[in-house]
A.B. asks: 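Below you will find the structure I want to go over with you.
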Amino acid sequence: MTTSVPLKMFGAAWCGDCRRTKAQLDELGVDYEYIDLVADPAAADVAKEISGRTNIPVVVYPDASHHVEPSNADVEAKLRELSLI
């Protein structure tokens with residue numbers, strides 16, 4: 001498995017779940033790309049295309065799977081599955 005594809009997180013500062021997930025990724029020391037939907041409104045369409053929903057955050061993993069509004073436990077389990085933590 002390659003880890004050259006970075007983890008991506010689509011979110012916004014006004015979103016509590018986004019702040020929680022971003023803090024979790026920072027605490028775990030995971031390398032990820034943060035896409036701010038306020039700074040880049042067009043990215044909201046990309047996030048919706050990925051998830052089929054308008055809910056955020058959308059976390060896209062290197063294996064092309066994703067979570068929408070994940071719990072910390074969901075994120076941690078997926079990161080462990082991918083050996084990212």
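Side chains are part of it too, since the values below use all heavy atoms of this structure and drop only hydrogens, waters and symmetry mates.
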A.B. asks: Which atoms form the tightest heavy-atom contact between A13 and R19, and what is the distance?
C.D. replies: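 Looking at all heavy atoms of both residues, the shortest contact is O-NH1, 2.6 Å.
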A.B. asks: According to salt bridge (charged side-chain N to carboxylate O under 4.0 Å, His left out), does anything in residues 65-77 pair up with another residue at least two apart or in another chain? List the pairs.
C.D. replies: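 Listed once each, the pairs are R53-E69, E76-R80.
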A.B. asks: Check P70 against V59 and note the closest heavy-atom contact, atom names and distance.
C.D. replies: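 Answer, listing the atom of P70 first, then V59: CG-CG2, 4.1 Å.
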A.B. asks: Does the side chain of L84 come within less than 4.5 Å of P62's, by heavy atoms?
C.D. replies: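 When only atoms from C-beta onward are counted, L84 and P62 do touch, with a gap below 4.5 Å.
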A.B. asks: Please round to the nearest 0.5 Å and tell me the distance separating atom CG of L79 and atom CG of L7.
C.D. replies: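 Spacing of CG (L79) from CG (L7) equals 6.5 Å.
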A.B. asks: Using the salt bridge (charged side-chain N to carboxylate O under 4.0 Å, His left out) criterion, which residues pair with K78? Sequence neighbours excluded.
C.D. replies: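 Listed in chain order: D63, E81.
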A.B. asks: At what distance, to the nearest 0.5 angstrom, does CD1 of I56 lie from CZ of F10?
C.D. replies: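 Answer rounded to 0.5 Å: 11.0 Å.
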A.B. asks: Please enumerate all residues that pass side-chain hydrogen bond (donor to acceptor under 3.5 Å, both in side chains) together with R20, with sequence neighbours excluded.
C.D. replies: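 With sequence neighbours excluded, R20 shows a side-chain hydrogen bond (donor to acceptor under 3.5 Å, both in side chains) to D17, N72, given in chain and number order.
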A.B. asks: Please set out all donor-acceptor pairs under 3.5 angstrom arising from side-chain atoms of residues 40-50, sequence neighbours excluded.
C.D. replies:
none

A.B. asks: Name all pairs fulfilling the side-chain hydrogen bond (donor to acceptor under 3.5 Å, both in side chains) condition that reach into residues 23-38, sequence neighbours left out, sorted by first residue then second.
C.D. replies: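 Qualifying pairs, neighbours excluded: D26-Y32.
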A.B. asks: Any pair with a residue in residues 62-85 that passes ring-ring contact (aromatic ring centres under 6.0 Å, His included), sequence neighbours left out, goes on the list, sorted by first then second residue, please.
C.D. replies: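 Sorted result for residues 62-85: Y61-H67.
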A.B. asks: What about V75 and M9, same hydrophobic cluster or not, with Ile/Leu/Val/Met/Phe/Trp/Tyr joined at side-chain heavy-atom distances under 4.5 Å?
C.D. replies: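 Looking at the clustering, M9 is in the same group as V75.
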A.B. asks: Treat each ILVMFWY residue as a node, draw an edge where side-chain heavy atoms are under 4.5 Å apart, and state whether V60 and L28 are in one component.
C.D. replies: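 In one cluster: no.
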A.B. asks: Looking only at heavy atoms, what is the nearest atom pair of P57 and C15, with distance?
C.D. replies: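 For P57 and C15, the tightest heavy-atom pair comes out as CD-SG, 4.2 Å.
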